[in-house]
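The model shown is predicted, which means the values in this text are computed figures rather than measured ones.
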Amino acid sequence: MAINLQRFMSTMNQQPPAKTSSFEVQIFSPLGSINDLSFRAESVALPGRSVATTDFFDVGPIRKMGYSAIYLETSINFILSERYNEKEYFDQWVDAIVGPHRVQKNPGGNKFNAGYYDTYAGTIVIQNYSTTGQLTYKTKLIEAFPLTISPVQLDWGTDDISKLNVTFTYRYYEHTNGTVGGGGDRLSD
C-alpha cells in the first residue's frame, strides 16, 4: 500500500512537528533563582515514566499487573558563565540537601547534617512552544531537586564552551496541553 502524500502533507501542515529547540526551563528552588538561568538551559529531557508491576498468577501464563507509576530522572544541560554561577547555585542546592561540608571548614557542628525534604524540594517548569511562540505543552516537575551534578570537563586542547549537566529527581509531574493561564505567550516576553 502506497503512502497518500497529499494526506501526509495535509496532516503535517495542520499540526506541524514539534521543534526540539522551542522550549524554556524555569527552576524554582528554595534558594531562589539566579539571573538568566532559564537562558542558560541548553537542553533538557522531558521526563518519562514507567509502570511498576507485580506478577499475578491465577490460571495459565503469569500476568503483570500495574500498581504504581515510576517517574524517571531527567537531566538539564546548562551553559556555564565565566564565574561558574550556575555550578555554585546547584552546589548550594545540594548543600541544603546533604549539609554544607563543602564550604564549612570548622570541625564538627552541623556541616554533615542533611536538610529536611520540605526545605530543599522545589519545582521545575518546562514549557514547549510552537513556531509562532504559542505555549503548546507545559510540564511541571513537583518536589524536584538535583540528584547529580556531573563533573565539568576542562581541556587545554579546545576552546569549547563549558557546560554543566544536572540530573534531577522529582516526586511526579503534571502536564498541560495548549495555552495555559491565558495569553499563551513565553514567560520571558
Side-chain angles (χ1 to χ4, degrees), residues 20-52 68-129 135 137-176 180 186-188:
T20 59
S21 61
S22 298
F23 73 92
E24 182 174 45
V25 176
Q26 292 185 319
I27 296 176
F28 303 96
S29 84
L31 302 177
S33 185
I34 62 173
N35 291 338
D36 302 329
L37 188 60
S38 179
F39 296 115
R40 297 221 174 246
E42 177 188 48
S43 63
V44 62
L46 283 176
R49 66 183 182 159
S50 63
V51 177
S68 183
I70 299 172
Y71 290 90
L72 307 175
E73 298 161 0
T74 192
S75 293
I76 304 175
N77 282 314
F78 294 95
I79 299 169
L80 289 170
S81 62
E82 286 184 324
R83 294 184 181 265
Y84 291 80
N85 295 332
E86 302 77 17
K87 182 168 180 357
E88 182 60 24
Y89 174 80
F90 291 112
D91 279 338
Q92 287 177 9
W93 196 349
V94 170
D95 290 345
I97 299 167
V98 299
H101 56 275
R102 175 183 67 92
V103 293
Q104 190 175 340
K105 304 299 183 215
N106 60 325
N110 65 351
K111 69 181 185 178
F112 289 103
N113 290 355
Y116 292 102
Y117 186 81
D118 290 347
T119 64
Y120 63 75
T123 302
I124 298 173
V125 177
I126 305 165
Q127 298 185 119
N128 301 84
Y129 297 95
L135 180 62
Y137 195 83
K138 179 178 178 179
T139 306
K140 189 176 187 180
L141 308 182
I142 309 298
E143 297 178 24
F145 59 90
L147 193 59
T148 304
I149 300 172
S150 295
V152 176
Q153 184 65 39
L154 303 176
D155 186 350
W156 282 98
T158 67
D159 199 21
D160 292 342
I161 293 173
S162 288
K163 297 177 184 174
L164 178 70
N165 180 275
V166 181
T167 301
F168 294 90
T169 190
Y170 51 95
R171 186 163 179 223
Y172 65 99
Y173 67 82
E174 300 172 343
H175 85 83
T176 314
V180 180
R186 290 181 183 263
L187 292 177
S188 59

State which residues pass side chain to side chain donor-acceptor pair (under 3.5 Å) with [X]; sequence neighbours excluded, sorted by chain then number.
X: Glu88; result: Gln92, Arg102
X: Thr169; result: none
X: Asp91; result: Lys87
X: Asn85; result: none

Taking side chain to side chain donor-acceptor pair (under 3.5 Å) as the cut-off, I'd like each qualifying pair that reaches into residues 141-159, sequence neighbours left out, listed once. Tyr117-Glu143

Mind checking what makes ring-ring contact (aromatic ring centres under 6.0 Å, His included) contact with [X], not counting sequence neighbours?
X: Phe145; result: Tyr120
X: Tyr172; result: none
X: Phe78; result: Phe90

With salt bridge (Lys or Arg N to Asp or Glu O under 4.0 Å) as the rule and sequence neighbours excluded, what pairs involving residues 69-83 come up? none

By side chain to side chain contact (heavy atoms under 4.5 Å, CB included), Ile70 pairs with (sequence neighbours left out) Ser50, Ala52, Leu72

With sequence neighbours left out, the residues meeting salt bridge (Lys or Arg N to Asp or Glu O under 4.0 Å) with Lys140 are none

Residues in salt bridge (Lys or Arg N to Asp or Glu O under 4.0 Å) with Glu42, at least two apart? Lys163

Parallel under 30°, tilted from 30 to 60°, perpendicular over 60°: which one fits the rings of Phe112 and His101? parallel

Regarding Ser29 and Tyr89, do their side chains bring together a donor and an acceptor under 3.5 Å, going by distance alone? yes

